[in-house]
Amino acid sequence: MIEEKKAKLDKPYNPQATEKVIYEHWEKSGFFNPDHLPARHQKPFTIIMPPPNANGSLHVGHAVFVTIEDLIIRYRRLQGDKTLWLPGADHAGFETQIVYEKKLEKEGRSRFKLEPADLRQEILDFTLGHKKFMENQLRLLGASCDWSREKFTLDPEIVKIVYQTFKQLADDGLVYRGDRSVNWCVKHQTSLSELETARREQTDKLYYLKYGPVTVATVRPETIFGDTAIAVNPQDKRYKDLIGQTVTVKNPLGEMSLPVIGDETVEMDFGTGALKITPAHDANDFAIGRQHNLPTVEVIDQYGKMNDRTGKYQGLSVLAAREQVVADLTAMNLIEKTEDYRHAVAVCYKCERILEPRIMPQWFIKTKPLAEKAIKAIQSDKITFTPENYKKIVLHWLVNIQDWNISRQIVWGIPIPAKLCAACRDGFVDLDDKISNCPKCGGAVTPDPDTFDTWFSSGQWPFAVLDYPDGNDYRQFYPTNVMETAGEIIFFWVARMIMLGLYRTDQVPFTQVYLHGLVTDAKGQKMSKSKGNVMSPIDLAERFGTDALRLALIIGNTPGLNTSLSENKIKAYQHFANKLWNISRFIVANTDGLKRNDDFTAYTEADQKLITERQELLKTVTDELDRFRFHLAGEKLYHYVWHRLADEIIEDSKQIFQAGNRPEEKSRQQFLINTLADLLICLHPFMPFITEELWSILDEDELLMITPWPKPNLA
RNA sequence: GCGCCCGUAGCUCAGUGGUAGAGCGCUUCGUUGACAUCGAAGAGGUCUGAAGUUCGAUCCUUCACGGGCGCACCA
């Protein structure tokens, strides 16, 4: 049997043939599940996997998180912890809906022509298909997560917890529904949170309009039909006397009477210091309008077209209307001058179309009270960040947090459990479908057709997946230990998990946040489909071996910073795997079937020194891993294995084995076999497949994945 | 406007308060019983610039320049 295994060493290492078998072996062992680990594993250690979006293939960003999290989990498992790595999949509301809409477009269909229930079912089928696909890809990358506990963001038990949180927030007065200026995407036909808006610099015309007694500067003359006031700064001597008056202004559709109001937020130095106020189509104007009880007059519809209040302009797109209005104003001699104006406009982070501010009734969460708790927890280091500068970044965001719009006008998501009253425009949380008349005005109610922002549910992920509040897992594994994810989603996800976790469970959801950067191509450029420089982790793993890919993603990857990946780099680590394979072949062939033995003492003086050196390495590597400095731990192991053990110690051993001095030979043999064993353990979190395979060839009883981590006992 | 990060060998990047490191690339030589997915030797850097702290700075502080990113309601 063992001879058969050793015969494997005569051939080069073949990751393609080995990895699948090894993974099946691990999965069958049951050790991915903390409940099935040997009894010596007592101390719980938990990582909740950031659930990948179940709408496509894994990309290299996924490979990074799988590699790092698997590394941490395997390391803690070797250290004897009761490790739980809980996998999941995200329905990814808006993101998936967009992916699916593109698919519909290709097929010449449109989501707006489908019944919501049918569309939902179609996307569900699509998502569940991808979820399966994705799970297999995670296996391919070696993820040692507990599949028996896997969760999906639309699982009924998750939805239940999300609903309870919504209810509790409502009961605590932290949810409100109201007409607010929201960021409306004309293409996607939904509102977005402020995080889902991007900014784009562009140059527009700034028009100076003769507007009654004043001149106002605006980039959006087409909205004048929705103006309900003129605002000036109360400190502004030029306009002081006008405040409180009602003035008559002309536009191409006739005349309007507008009050002149004083508001501190008007900048005296910008434009003319006088500002036209359009509460319905500008977020700032909306805020000013609320201050002064101004009416809102909508002139643009949900498709970005001028509506029936705009006379001859009705039906024109915003840009076409602007052109026409400017032409007409010019003809009326109402345009004083025009300037080029460079500014940042809010755009949809997905389609990059300019967002149209609209007044809509939406569900909002009052975030200030939630943020306060989070700020306290972070400031008191109940949660620590790697790299540390993210502490500042997240605190800054929390301090300046805005209320959170959690309503999305898309079907793919968790339906908002509420009833809406058409009469008084209010909404009421209704988990049990009990409300049939408006509690406020008695009018008829209808179910809210909207769904939650995905991040509202994923913000509750750590406690939701552990069966809060009564589950065994919740008691045992919460708060979790490490939240490892992309620095990019620090606000979207991490900050919200902290807020909602503290709100619901009164505990931090995790004590350590580890953030990784972006993976760029060999030139340091962001990977994107349009650039054609996207690398598929699955393809790379198949070509070079998963272990090689994992090492390439770990070594040289500093927390929080971008890391570049190239085939050359992966190839280098493929060579390293080969090196390790050949070192093992040499050692096995030259140690007469010796097994590792920690009780052996008859070492030569030279070998004693080598042992000390090895133990120093172990100590350093352990230390670096404890400090989340995986890139350094990996590099040190790499260097020792190749340039110390192979280049020097093994070369030196050849002489010893030729000389034929038995005690010296014996000493060196035992040293080599013990060293190989220690190194396989230490390398296992980095390159799990080849180390497990070599371990089996060494004829050890237990699987390498649960073998105790070597304890360096330095004098 | 405010903030964060980066600026180290040809390229991609580590790293440290005490005469600079890796991988890839390059040059020369070697080697077929662990490994050519190899070995040995080598070329190559005033660690962006300036000032300061220090016995000593690539590393700490300040400023400048260059690059990337985030946040921000001046119409």
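Labels below follow one simple rule: chain letters A, B, ... track the order of the sequence lines, proteins then strands, and each chain is numbered from 1.
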**Asked** How long is the gap from CG on A:L694 to CD1 on A:I587, to the nearest 0.5 Å?
**Response**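 These two atoms lie 10.0 Å from each other.
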
**Asked** Angle class for the A:F630/A:Y514 ring planes (parallel below 30°, perpendicular above 60°, tilted otherwise)?
**Response**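 Answer is tilted, since the angle falls between 30° and 60°.
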
**Request:** Classify the angle between the aromatic ring planes of A:W581 and A:Y13 as parallel (below 30°), tilted (30 to 60°) or perpendicular (above 60°).
**Result:**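 Ring orientation, 0 to 90° scale: tilted.
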
Measure from the side chain of [X], starting at C-beta and using heavy atoms only, and say which of [options] lies closest.
X      : options             : result
A:T558 : B:C35, B:G39, B:A14 : B:A14
A:H631 : B:A72, B:A14, B:C35 : B:A14
A:L561 : B:C35, B:A14, B:C74 : B:A14
A:N568 : B:A34, B:C38, B:C24 : B:C24
A:H575 : B:A14, B:A72, B:U37 : B:U37

Quick one: label [X] by what it contacts on the DNA or RNA (base, sugar-phosphate, nothing), any heavy atom closer than 4.0 Å.
X      : answer
A:D647 : sugar-phosphate
A:K276 : nothing
A:A572 : sugar-phosphate
A:K579 : base
A:V588 : nothing
A:A646 : base
A:I650 : base
A:F491 : sugar-phosphate
A:A283 : nothing
A:I277 : nothing

Among side-chain atoms of [X] and [Y], is any donor-acceptor pair under 3.5 angstrom?
X      : Y      : value
A:H343 : A:D204 : yes
A:T223 : A:K276 : yes
A:Q669 : A:D592 : yes
A:E194 : A:T197 : no
A:N582 : A:N578 : yes

**Message:** Go nucleotide by nucleotide along RNA chain B from the 5' end; which of A:L195 and A:D269 gets its closest nucleotide reached first?
**Reply:** A:L195

**Message:** Assuming nearest nucleotide by heavy-atom distance, tell me which of A:V266 and A:Y13 is located more 5' along RNA chain B.
**Reply:** A:Y13

**Paired and unpaired positions of RNA chain B as dot-bracket, Watson-Crick or G-U wobble under 3.5 Å, | denoting a partner strand** = (((((((..((((....[..)))).((((((....).))))).....(((((..]....))))))))))))....

Can you pull every protein N or O that's under 3.5 Å from an N or O on nucleotides 41-43 of chain B?
none

**Asked** Does A:E651 make a side-chain donor-acceptor contact with the base of B:A34, cut-off 3.5 Å?
**Response** yes

**Request:** Kindly say whether the aromatic ring centers of A:Y573 and A:Y638 come within a distance under 6.0 Å.
**Result:** yes

**Asked** Between A:R585 and B:U37, is there a side-chain N or O to OP1/OP2 distance below 4.0 Å?
**Response**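 Answer is no, no contact under 4.0 Å.
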
Which atom pairs link the protein and nucleotides 20-22 of chain B when you take only N or O atoms and keep those under 3.5 Å?
none

